[in-house]
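Read through the structure below, which is laid out as structure tokens, and then see the notes.
All values reported here derive from a predicted model rather than from experimental measurement. Within every chain, numbering begins at 1; the chains are lettered A, B, ... in the order of the sequence lines, protein sequences first and strands thereafter.
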Amino acid sequence: MLARELLRTSPDRVRAALAARCSDAPLERLLSADVSWREAQAELEALKADRNRGSKEVGALFASGRREEGEALRGRMAALGAKIATAEQEAATFADEVAELELTIPNLPHESVPVGPDETANRVERRWGEPPTFDFEPQAHWDLGPALGILDFERAAKISGARFAVLWGVGAALERALVTFMLDLHRGNGYREVYVPFMVNRQALVGTGQLPKFEADLFRVEGTDYFLVPTAEVPVTNLHRGEILAEETLPRRYCAYTPCFRAEAGSHGRDVRGLFRQHQFDKVELVHLTTPETSYAELDVLTRSAELVLQKLELPYRVMTLATGDMGFSAAKTHDIEVWLPGQQSYREISSCSNCEDFQARRTDLKFRPAGGGKTRHLHTLNGSGLAVGRTLIAILENYQSADGTVIVPEALRPYLGELERLAPER
RNA sequence: GGAGGGGUGGCCGAGCGGCCUAAGGCACCAGUCUUGAAAACUGGCACGGCGCAAGUCGUCAAGGGUUCGAAUCCCUUCCCCUCCGCCA
């Protein structure tokens, strides 16, 4: 949600930003509804001021025993009440329209974001590690996994459907080891671990920006008002909704493991094979709450925290800055981390780290009290994957594969797998 | 699932139709005193909207209603607590 003051004083800046995003958000409707609302509200308040004065006088007249005058004024106030009811309805109609529309306007891109319509305009920031060379034809994980007996898409389809996976044996243990490994790493790095509900209410999803626009991407639990979390960003960012945090307690860095559930609406035909795009996947999420002055330094901390996971696992990757047209709804700036996948001979997204500035803080009424005193201000929220666990598992299988189909276990993970050194076929 | 009790400013807590412009306390800020601090004393101190401003409207969990007027009365919902039942 953008500051209304910004909409009123710099509509051209907002127009330009939306154009850069290739957004068709209804800005002009919002602006005119806002004007109408303010007019109606001013009228309504004048009427209410009259009533407040009159009602007070009614009380005074009765108190001083002037019954007849009191009765007369009370009659006039009753008539005024009817006028107020009408004016109230009109103002409320405009207020609702403004509130509804402003939730559909995406965040403004930061000035450092490359302008472009789609991912082809994304900018490479840095690379780490060298894609491995093989003296054989590297396999994709959807061949490696089933051959090892640890990945089973057929039985997943039987019990659930497409875009689900079953992990067997050491595959299941590897998934669990990755979660623990990531949480331990972040926890030792200044993050506070938090365990949160996997179902959230509508308000939480509005707060982080998934609603009202993207309901089709979510799974809703029928007969309830609960949604399965599409990312831990939702419950974790909303933890302090409506609170005023002391500046001394910032920045706050939280990490959380949750499964994530996504309907993947509109992604039919994309990444249909393998583990890459699933309805359910595990993720360790990083969330920072910080001051406006430090949020871009925090974005760097956040991104590097996610990178550290890949460095410890010795997986090659590159860091991108997303272009205006490729960014998510709530983000002002986003770094994607893309890991090298030999099965596809390309870098693919494994983490997305965003500074949402005060966009989500406005929606969630999330503020801080400055250390020197003074007015409360909206704080800045950031979130990023640290990392998507399923995709990390893919990266390990494909980067650490051997000619015989076995897979070396990265050194950093061995303590979590009973010092297992190599994944070999299981029966 | 059943029966009760609650939700008031950063926190605690009074108020139960009109002097609520929400008492009092704690915390916080400024000042006096002090070598400095503490204590004491004095003053200040909720938030949001609209407006150039004067000002004005709103907010006592949320929404609706009664009334000239609602923190206060009525209805609905949500949340918290206690007890019972059930359950991992």
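- Figure legend. rC50(B) is base-paired to rG55(B); pairs are counted as Watson-Crick or G-U wobble with both atom distances under 3.5 Å.
- Within the structure, a side-chain polar atom (N or O) of Asn52(A) is placed less than 4.0 Å from OP1 or OP2 of rC57(B).
- The side chain of Trp37(A) sits closest to rG49(B) out of rC57(B), rG10(B), rG49(B).
- To the nearest angstrom, C1' of rC68(B) lies 17 Å from CD of Glu68(A).
- In this structure, Ala49(A) reaches the sugar-phosphate backbone alone: every heavy-atom distance under 4.0 Å involves primed, P, OP1 or OP2 atoms, never a base.
- A salt bridge links Glu71(A) to Arg74(A): one of the charged nitrogens lies within less than 4.0 Å of a carboxylate oxygen.
- Along RNA chain B, the nucleotide nearest to Ala78(A) and the one nearest to Ile244(A) differ in position, and the one closer to the 5' end is contacted by Ile244(A).
- Atom CG of Asn201(A) and atom P of rA62(B) are 16 Å apart (whole Å).
- rU76(B) and rG2(B) have their P atoms separated by 14 Å, with the value rounded to a whole Å.
- Seen from the ring of Phe276(A), Arg391(A) counts as a face-on cation partner, given the 6.0 Å and 45° thresholds.
- Atom name C1', nucleotides rA27(B) and rG1(B): the rounded distance is 43 Å, in whole Å.
- Between the C1' atoms of rC11(B) and rC60(B), the separation comes to 16 Å (whole Å).
- Out of rG49(B), rG10(B), rU21(B), the shortest distance to the side chain of Glu45(A) is found at rG49(B).
- For the side-chain contact (heavy atoms from CB on, under 4.5 Å) with Leu382(A), the qualifying choice from Val287(A), Leu299(A), Leu286(A), Val301(A) is Leu299(A), the only one to do so.
- Looking at heavy-atom distances under 4.0 Å, Arg53(A) makes no contact with the nucleic acid at all.
- Nucleotides rA14(B) and rC20(B) have their C1' atoms positioned 12 Å apart, rounded to a whole Å.
- Comparing the same atom, C1', in rU82(B) and in rC16(B) gives a spacing of 24 Å after rounding to whole Å.
- Here rG48(B) presents its C1' atom at 12 Å from CE of Met1(A), a figure rounded to the nearest Å.
- Rounded to whole Å, atom P of rU59(B) lies 12 Å from atom CD of Gln41(A).
- When the P atom is used for both rC75(B) and rC83(B), the distance is 27 Å, rounded to whole Å.
- The shortest side-chain heavy-atom distance between Glu102(A) and Arg363(A) does not fall under the 4.5 Å cut-off.
- Among the nucleotides rG48(B), rG18(B), rG10(B), the one closest to any side-chain atom of Arg369(A) is rG10(B).
- When both distances must be under 3.5 Å, the Watson-Crick or G-U wobble mate of rU82(B) is rA3(B).
- Closest-nucleotide positions on RNA chain B for Asp50(A) and Arg74(A) were compared, and the one nearer the 5' end corresponds to Asp50(A).
- Rounded to an integer number of Å, the gap from Arg66(A) CZ to rC68(B) P is 20 Å.
- Computed from coordinates, the Asp365(A) CG to rG49(B) C1' distance equals 14 Å when rounded to whole Å.
- At whole-Å resolution of the value, CZ in Phe62(A) and P in rG18(B) are 15 Å apart.
- Of the candidates rG10(B), rG58(B), rG18(B), rG18(B) carries the atom nearest the Val58(A) side chain, counting heavy atoms from C-beta on.
- Counting to the nearest Å, the C1' atom of rC68(B) and the NZ atom of Lys48(A) are 15 Å from each other.
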Subject >> Derivation of the ring pair (Phe, Tyr, Trp, His ring centres under 6.0 Å) call for His186(A) and Tyr254(A) >> reply: CA-CA 9 Å; His186(A) 297 311; Tyr254(A) 295 147; over 10 Å; no
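- Rounded to whole Å, the separation between the C1' atoms of rG5(B) and rG9(B) comes to 24 Å.
- Applying the 6.0 Å contact sphere to CD of Glu243(A) captures more than 12 heavy atoms from other residues, nucleotides or ligands.
- Rounded to whole Å, the P atom of rU8(B) lies 16 Å from the corresponding atom of rC73(B).
- For the OP1/OP2 pair of rG51(B) and a distance below 4.0 Å, the side-chain nitrogens and oxygens of Arg38(A) include at least one atom meeting the criterion.
- In terms of phosphate contacts, Arg51(A) brings no side-chain nitrogen or oxygen within less than 4.0 Å of OP1 or OP2 of rC57(B).
- Looking at heavy atoms from C-beta onward, Arg262(A) lies out of side-chain contact with Leu218(A) at the 4.5 angstrom threshold.
- Here the side chain of Lys56(A) is nearest to one of rU21(B), rC68(B), rG10(B), namely rU21(B).
- When both distances must be under 3.5 Å, the Watson-Crick or G-U wobble mate of rG43(B) is rC29(B).
- At the heavy-atom level, Arg76(A) lies nowhere under 4.0 Å from the strands shown.
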